[in-house]
Amino acid sequence: MKRFRFIIKRLLSMIVIMFLVSFLVFVVLRMSDADPLTVMIGNNQSTPELRQALTEKYHLDYPVHIQYLRWIKGVLSGDFGTDYVDGQDVKGLIMSRLPITFGLVIMSSVIGSVIAVIMGVAAALRKGRPSDAAISGLMLVLSGAPSFLVSILILIFMTKYVPGYSFIGTYTNFGEFLQRITIPSLIMALTFVAMLGRITRSNMINQLQSPYIATAAAKGLKQSNITYKHAFHNAVIPVITVAGYMIAGSIGSTVIVEQVFSLPGIGGLLISAIEENNFPIVQILVLFMLGAYLVMSFVIDILYTVLDPRVDLK
């Protein structure tokens with residue numbers, strides 16, 4: 001019952017946050033100097049008749065709060081609006097770009113998390129040895145390596161030494177899709193390795209030095225059971241928490257690799273929409289990214305209580 005009340009409370013808070021942030025973004029965009037009519041007309045000849053027709057079509061003469069209510073009503077019914085620049089359906093544009101972004105996030109998260117946990121545990125078990133120093137040094141270097149710089153260096157290297165490997169631009173089948181996202185995903189995975197690896201190492205060392213580990217060893221339990229069944233089980237809980245937030249945040253960080261590798265993803269769409277003052281795309285993508293972060297946060301909280309029943313839901 002307590003968990004049910006917690007879930008309802010979190011869902012309600014998520015809904016409130018989504019509404020408040022979406023309204024704030026909607027209002028701030030319309031407080032900018034950009035004129036939606038100018039964006040829509042573009043290079044076409046502007047006439048009073050055309051401006052009036054567009055104003056009526058998009059209800060731009062309504063108060064801002066009425067425009068927001070009409071927009072959010074459409075979003076809730078699956079209508080994300082129309083692109084100001086090309087007149088395309090915003091929902092269709094987003095759906096066509098989701099595979100790249102989701103592919104990057106999922107592949108980088110899985111690869112980065114697995115490598116990070118392995119490196120972190122290995123370093124903790126060899127604390128104070130040269131191998132620990134090497135692994136820790138590598139994770140420190142990776143934590144300070146800018147993604148855009150690594151992306152450019154990899155791009156130059158691949159272009160020069162692996163000219164036959166196609167990893168830039170659009171794709172036509174699943175094989176090409178994997179080719180396009182593999183290298184960028186590995187670059188994004190470096191962030192997971194750097195952050196989660198150090199957290200795993202620190203938590204494993206703390207657990208291995210805990211009194212219950214000494215008690216388990218005194219009882220004659222196998223070292224492998226002590227390390228992985230007891231120490232690792234407790235050490236990995238904070239790692240999962242941080243990993244969840246990193247996964248949610250990585251949706252926005254795909255912008256860099258998508259731009260460098262010319263990948264048609266959500267990040268690139270958001271950047272171009274901001275540059276073009278394409279309000280319908282900007283506001284729905286901000287809402288989408290916020291929703292992804294809140295959902296991941298919610299899943300982490302629930303998962304945390306499953307992994308550690310001692311945690312009290314409040």
Sequence-distant partners of F157, side chain to side chain contact (heavy atoms under 4.5 Å, CB included), two or more places apart: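 Once residues adjacent in sequence are excluded, the partners of F157 under the side chain to side chain contact (heavy atoms under 4.5 Å, CB included) criterion are Y161.
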[X] side chain near [Y] side chain, heavy-atom distance below 4.5 Å:
X	Y	result
F80	P280	no
R30	Q283	yes
L270	M289	yes
K57	T82	no
V236	M204	no
F298	I300	no
I115	F192	no
I8	R5	no

Scan I281, V282, V255 and name whichever one has a side-chain contact (heavy atoms from CB on, under 4.5 Å) with L269.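 Going through the options one by one, the only one that passes is I281.
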Apply the side-chain contact (heavy atoms from CB on, under 4.5 Å) test between L290 and each candidate in V21, V295, V25, L285; give the one that qualifies.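 Filter result, single survivor: V21.
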Co-membership, hydrophobic cluster, residues [X] and [Y], 4.5 Å side-chain:
X	Y	result
V193	V141	no
V39	I271	no
L24	I274	no

Is the backbone N or O of [Y] less than 3.5 Å from a side-chain atom of [X], with the two atoms forming a donor-acceptor pair by type?
X	Y	answer
S77	G74	yes
S210	N206	yes
S113	V110	no

Distance from [X] atom [atom1] to [Y] atom [atom2], nearest 0.5 Å?
X	Y	atom1	atom2	value
L190	I111	CG	CD1	10.5 Å
L138	I135	CG	CD1	8.5 Å
S13	M18	OG	CE	11.5 Å
Q207	I237	CD	CD1	8.5 Å
L69	H59	CG	NE2	12.5 Å
Y68	S22	OH	OG	2.5 Å

Checking S250 against M188 for the side-chain contact (heavy atoms from CB on, under 4.5 Å) test, could you report, in this order, the C-alpha distance in whole Å, the side-chain angles of both residues, the deciding distance, and whether it holds? CA-CA 8 Å; S250 64; M188 290 179 59; 4.1 Å; yes
Audit row: R51, E56, side-chain contact (heavy atoms from CB on, under 4.5 Å) steps and yes/no: CA-CA 9 Å; R51 296 181 68 88; E56 294 177 357; over 6 Å; no
According to salt bridge (Lys or Arg N to Asp or Glu O under 4.0 Å), does anything in [range] pair up with another residue at least two apart or in another chain? List the pairs.
range	result
residues 269-284	none
residues 86-114	none
residues 58-85	none
residues 107-136	D132-R201

Least distance between heavy atoms, F279 atom then P36 atom: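 Closest heavy-atom pair between F279 and P36: CE1-CG, 3.8 Å.
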Kindly determine whether T47 and Q52 satisfy side chain to side chain donor-acceptor pair (under 3.5 Å), including the steps that lead there. CA-CA 9 Å; T47 63; Q52 181 61 32; over 6 Å; no
Partners of [X] by side-chain hydrogen bond (donor to acceptor under 3.5 Å, both in side chains), sequence neighbours excluded?
X	value
R10	S297, D301
Q259	none
H65	none
S108	none

Please report the C-alpha distance between I181 and I100 in whole Å, then the side-chain angles of each, then the deciding distance to 0.1 Å, and finally whether the side-chain contact (heavy atoms from CB on, under 4.5 Å) criterion is met. CA-CA 7 Å; I181 70 171; I100 284 289; 3.8 Å; yes
Remaining members of the apolar cluster that contains I205, side-chain heavy atoms under 4.5 Å: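 None, because no other hydrophobic side chain comes under 4.5 Å of this residue.
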Which other residues end up in the same hydrophobic cluster as L20, if Ile, Leu, Val, Met, Phe, Trp and Tyr are linked when side-chain heavy atoms come under 4.5 Å apart?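 L20 clusters with V16.
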Which residues pass the ring-ring contact (aromatic ring centres under 6.0 Å, His included) test with Y245, not counting sequence neighbours?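 For Y245, the residues satisfying ring-ring contact (aromatic ring centres under 6.0 Å, His included) (neighbours in sequence not counted) are Y293.
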Assess whether atom CE of M195 is packed by more than 12 heavy atoms of other residues, nucleotides or ligands within 6.0 Å.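 Count not over threshold, so no.
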Go through Y58 and L37 one step at a time and tell me if the side-chain contact (heavy atoms from CB on, under 4.5 Å) criterion holds. CA-CA 10 Å; Y58 293 99; L37 291 176; over 6 Å; no
